[in-house]
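First listed ligand is number 1; within each ligand, the first listed atom is number 1. Throughout, numbering of the chain's residues begins at 1 and tracks the sequence.
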Amino acid sequence: MFSKRCIWVNGPVIVGAGPSGLATAACLKQQGVPFMVLERAECIASLWQKRTYDRLKLHLPKQFCQLPNLPFPQDFPEYPTKKQFIDYLESYARHFEINPRFNECVQCARYDETSGLWRVKTVATCGAVRNEFEYICRWLVVATGENAECVMPEIEGLGEFKGDVIHACEYKSGESFKGKKVLVIGCGNSGMELSLDLCNHNASPSMVARSSVHVLPREVFGKSTFELAVLLMQWLPVWLVDKILLILAWLVLGNMERFGLKRPSEGPLELKNTKGKTPVLDIGTLEKIRSGDIKVVPGIKRFTNGCVELVNGENQDVDAVVLATGYRSNVPSWLQEGDFFSKNGFPKSPFPNGWKGNAGLYAVGFTRRGLSGASSDAIKIAQDIGQVWKQETKQKKQRTTACHRRCISQF
Ligand SMILES: Cc1cc2nc3c(=O)[nH]c(=O)nc-3n(C[C@H](O)[C@H](O)[C@H](O)COP(=O)(O)OP(=O)(O)OC[C@H]3O[C@@H](n4cnc5c(N)ncnc54)[C@H](O)[C@@H]3O)c2cc1C
Ligand SMILES: NC(=O)C1=CN([C@@H]2O[C@H](COP(=O)(O)OP(=O)(O)OC[C@H]3O[C@@H](n4cnc5c(N)ncnc54)[C@H](OP(=O)(O)O)[C@@H]3O)[C@@H](O)[C@H]2O)C=CC1
Ligand SMILES: O=C(O)C(=O)Cc1c[nH]c2ccccc12
């Protein structure tokens with residue numbers, strides 16, 4: 001079965017029904033602007049529902065993770081679980097009556113100069129039925145996220161490796177890895193937390209740290225490190241806040257270098273701002289590294305016969321591999337535009353200017369500032385579109401009333 005349809009959307013089209021798309025939709029609703037949300041998965045927040053592990057909790061305190069205009073329930077803990085966060089997002093969508101069109105993957109979007117409108121093409125799948133749609137609209141809001149696709153590195157011999165090889169986004173729990181030697185490639189937040197989960201399920205993880213990484217305790221002396229950093233940033237320059245964070249990290253965690261974890265030369269916040277590399281907020285992995293339950297190994301040379309050869313010449317037996325090698329944006333694969341977005345799929349203008357492009361194009365959730373960054377983008381975008389919308393609706397009303405009066409006066 002195959003069909004093609006063209007649909008005019010009165011208001012913006014939002015691509016993606018994750019936290020960013022939902023927040024923008026909710027703020028638009030408040031402004032009285034209609035919209036349409038297109039989502040490739042069959043549910044909202046697919047990253048959270050489909051591509052994260054069971055034990056995941058938010059790693060920033062709850063006040064930095066709630067979306068605009070609907071706070072978390074009062075009884076939520078400081079660090080909500082994945083289930084609580086998903087329940088909240090579901091109730092958020094219900095509360096603001098956001099009904100995305102599911103199973104519709106945007107394949108291509110381009111601005112048509114002649115009409116001054118955006119043309120957004122999707123392929124919608126429902127079982128064996130495949131439909132193509134074209135949406136035509138004045139505003140396009142990109143909300144596909146910083147984590148739309150998995151980064152799958154090419155490593156010599158990995159293709160011939162006989163054991164299981166999965167990406168972190170497919171990992172649910174360490175249960176199926178009990179007793180196995182698991183090589184976790186990558187030492188960002190995913191690599192660190194999956195290694196811990198493997199360890200808690202009696203597997204033997206080795207974690208590859210090929211370059212350097214900042215590890216900070218999630219809390220210092222009972223206070224959230226992230227919250228402390230946000231507070232300090234109000235008064236002090238980034239370099240000084242970084243120095244303070246590193247001293248606190250050293251006091252709480254000690255020197256990590258002797259465990260094979262080198263620190264980058266740039267500070268943790270500086271690195272997050274300039275390169276987008278998120279510091280690790282430790283929830284117990286370091287203790288397991290210290291006790292020897294998690295082994296840290298250097299970069300990989302190649303895989304041969306169920307063995308991994310490391311850059312230091314060592315060889316290790318491996319039963320399974322988890323690629324905790326990160327994610328990337330997919331915007332360049334579907335948005336035909338070269339002014340606003342750069343080749344890496346992020347807006348060219350750095351924060352706080354990366355939310356508005358030309359000709360009605362917007363981006364939400366690309367600030368590398370997690371959920372709080374997405375919320376502040378969403379508020380700005382909805383205000384910007386709302387202003388034009390209200391003005392035009394007022395003018396339209398005036399025109400119809402004037403016309404009405406003329407009509408009446410003619411009688
Ligand atoms: C494991 C993990 C934990 C995290 N924890 C935190 C945290 O504690 N605090 C925090 O602030 N941030 C955290 N983050 C950062 C994360 O980016 C945000 O939490 C949040 O999910 C971003 O929302 P988003 O809507 O921008 O992107 P996403 O949640 O990725 O949503 C984007 C949506 O767009 C859809 N989509 C993509 N391409 C298309 C297309 N072509 N057509 C149609 N739909 C499409 C996707 O299916 C998806 O549903 C975490 C990230 C990860 C990976
Ligand atoms: N609890 C929570 O809230 C969690 C939050 N997150 C968030 O999700 C986002 C993604 O995190 P994450 O998935 O860890 O991705 P990251 O991009 O942060 O980390 C990727 C890691 O993989 C390494 N890597 C990439 N390619 C290779 C390769 N070919 N060989 C060896 N190592 C490689 C990188 O090393 P290098 O630096 O050398 O490139 C880096 O250590 C982050 O923003 C993070 O904060 C993730 C998990 C839990
Ligand atoms: O978890 C993520 O991916 C985030 O982007 C959250 C976040 C934003 N800024 C930070 C600084 C330090 C640690 C986490 C974050």
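- The ring pair (Phe, Tyr, Trp, His ring centres under 6.0 Å) test with Tyr111 is passed by exactly one of Trp118, Trp139, Phe340: Trp118.
- Comparing Leu158, Ile283, Asn147 by heavy-atom distance to atom 9 (C) of ligand 2, the nearest is Asn147.
- When hydrogens are left out, the protein atom nearest atom 23 (O) of ligand 1 is Pro19 CD, 3.4 Å; that is the closest non-hydrogen contact.
- By the 3.5 Å distance cut-off applied to N or O atoms, Gly191 is not counted among the residues near ligand 2.
- Counting atoms of ligand 2 from 1 in the listed order, those under 4.0 Å from a heavy atom of Thr278 are 42 (C), 43 (O), 45 (O).
- The heavy-atom pair separating Pro12 from Val33 by the smallest distance is CD-CG1, 3.7 Å.
- Using cut-offs of 30° and 60° for the angle between ring planes, the Phe133 and Tyr135 rings count as tilted.
- Only the side chain of Arg210 comes within 4.0 Å of ligand 2, judged by heavy-atom distances.
- Among protein heavy atoms, atom 23 (C) of ligand 2 sits closest to Gly186 CA, 3.7 Å.
- Proximity of Gly299 to ligand 2 is not established, as no heavy-atom distance is less than 4.0 Å.
- If you look at Thr325 next to ligand 2, the close heavy atoms, those under 4.0 Å, come from the backbone and the side chain alike.
- Heavy-atom contacts of Cys105 reach the following atoms of ligand 1: 41 (N), 42 (N) (cutoff under 4.0 Å).
- Proximity of His59 to ligand 1 is established by a heavy-atom distance of less than 4.0 Å.
- With a heavy-atom cut-off of 4.0 Å, Ala168 does not touch ligand 2 at all.
- Looking only at heavy atoms of the protein, atom 36 (N) of ligand 1 is closest to Arg40 NE, 3.6 Å.
- Remark: among candidates Cys65, Ala41, Gly370, Ser46, the nearest residue to atom 9 (N) of ligand 1 is Cys65, based on non-hydrogen atoms.
- Taking a cutoff of 4.0 Å between a charged side-chain nitrogen and a carboxylate oxygen, Lys295 and Glu314 qualify as a salt bridge.
- The protein atom (non-hydrogen) at minimum distance from atom 36 (P) of ligand 2 is Ser211 OG, 3.4 Å.
- Under the 4.0 angstrom criterion for non-hydrogen atoms, Glu104 is in contact with ligand 1.
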Next on the checklist: Between Phe177 and Tyr171, does the ring pair (Phe, Tyr, Trp, His ring centres under 6.0 Å) criterion hold? Intermediate values first, please.
Outcome noted: CA-CA 10 Å; Phe177 295 96; Tyr171 180 102; 5.8 Å; yes
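- Geometrically, ligand 2 and Lys57 share a nitrogen or oxygen pair separated by less than 3.5 Å.
- The only member of Leu228, Leu269, Leu240 that meets side-chain contact (heavy atoms from CB on, under 4.5 Å) when paired with Met233 is Leu269.
- Side-chain atoms of Lys181 and Ser204 include no donor-acceptor pair closer than 3.5 Å.
- The aromatic rings of Phe366 and Phe346 sit perpendicular to each other, their planes meeting at more than 60°, with 30° as the lower class boundary.
- Separation of atoms CD (Gln31) and CD1 (Ile385) is listed at 9.5 Å; rounding is to 0.5 Å.
- Protein heavy atom at the shortest distance from atom 34 (O) of ligand 1 is Gly16 CA, 3.3 Å.
- Nearest protein neighbour of atom 24 (P) of ligand 1, counting heavy atoms only, is Ser20 OG, 3.3 Å.
- Closest protein heavy atom to atom 17 (O) of ligand 1: Asn147 ND2, 3.0 Å.
- Looking at Lys272, Met192, Lys275, Lys277, it is Lys277 that brings a heavy atom closest to atom 37 (O) of ligand 2.
- Interface atoms of ligand 2 facing Ile185, defined by a heavy-atom separation under 4.0 Å, are 30 (N), 31 (C), 32 (N).
- Neither the backbone nor the side chain of Phe85 has any atom closer than 4.0 Å to an atom of ligand 2 (non-hydrogen atoms only).
- The pair Glu266-Lys277 does not count as a salt bridge, with every side-chain nitrogen at least 4.0 angstrom from each carboxylate oxygen.
- Within a 4.0 Å radius of atom 39 (O) of ligand 2, the protein contributes at least one heavy atom.
- For atom 41 (O) of ligand 2, the closest non-hydrogen atom of the protein is Cys187 N, 3.0 Å.
- Residue Arg51 places no N or O, backbone or side chain, under 3.5 Å from any N or O of ligand 1.
- The pair Arg328-Glu149 fails the salt-bridge criterion, with no side-chain N (NZ, NE, NH1 or NH2) lying under 4.0 Å from an Asp/Glu carboxylate O.
- Ligand 1 places these atoms under 4.0 Å from at least one heavy atom of Leu47: 21 (O), 29 (O), 30 (O).
- The Gly18 neighbourhood of ligand 1 comprises atoms 25 (O), 31 (O), 33 (C), with distances under 4.0 Å to a heavy atom of that residue.
- With a 4.0 Å cut-off on non-hydrogen atoms, Leu56 touches ligand 2 through its side chain and not its backbone.
- For atom 11 (O) of ligand 1, the closest non-hydrogen atom on the protein side is Leu371 N, 2.7 Å.
- Neither the backbone nor the side chain of Glu146 comes within contact range of ligand 2; no heavy atom lies under 4.0 Å.
- The nearest protein atom to atom 42 (N) of ligand 1, hydrogens excluded, is given as Val106 N, 3.0 Å; this is a heavy-atom distance.
- Looking only at side-chain heavy atoms (C-beta outward), Leu140 and Leu335 come within less than 4.5 Å of each other.
- For atom 12 (P) of ligand 2, the nearest non-hydrogen atom from the set Gly188, Ser212, Ser190 belongs to Ser190.
- We find that Arg302 and Glu160 are not joined by a salt bridge, their nearest charged nitrogen and carboxylate oxygen being 4.0 Å or further apart.
- Distance check: Leu361 CG to Trp355 CH2 gives 11.5 Å after rounding to the nearest 0.5 Å.
- In this structure, CD in Gln49 is found 8.0 Å from CG in Leu89, a value given to the nearest 0.5 Å.
- Counting only heavy atoms of the protein, atom 7 (C) of ligand 2 lies nearest to Asn189 CB, 4.4 Å.
- If you number the atoms of ligand 1 from 1 as listed, the ones under 4.0 Å from a heavy atom of Leu38 come out as 43 (C), 44 (N).
- Applying the 4.0 Å criterion to heavy atoms of Leu58 picks out, from ligand 1, the atoms 7 (C), 8 (O).
- Of all the listed residues (Trp48, Phe64, Phe102), Trp48 holds the heavy atom that lies closest to atom 3 (C) of ligand 1.
- Remark: Arg138 engages Glu392 in a salt bridge, criterion side-chain N to carboxylate O under 4.0 Å.
- Short contacts between ligand 1 and Gly145, defined as distances under 4.0 Å to a heavy atom of the residue, involve ligand atoms 26 (O), 27 (O).
- When hydrogens are left out, the protein atom nearest atom 38 (N) of ligand 1 is Asn330 ND2, 3.0 Å; that is the closest non-hydrogen contact.
- Gly326 CA, 3.3 Å is the protein heavy atom nearest to atom 15 (O) of ligand 2.
- One distance of note links CD of Glu104 with OG1 of Thr122; it measures 3.5 Å at 0.5 Å rounding.
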Quick one: table the atom pairs, ligand 3 N or O against protein N or O, below 3.5 Å, distance rounded to 0.1 Å.
| from | atom 1 | to | atom 2 | distance (Å) |
| --- | --- | --- | --- | --- |
| ligand 3 | 1 (O) | His59 | NE2 | 2.6 |
| ligand 3 | 5 (O) | Lys272 | NZ | 3.1 |
| ligand 3 | 5 (O) | Gly370 | N | 3.4 |

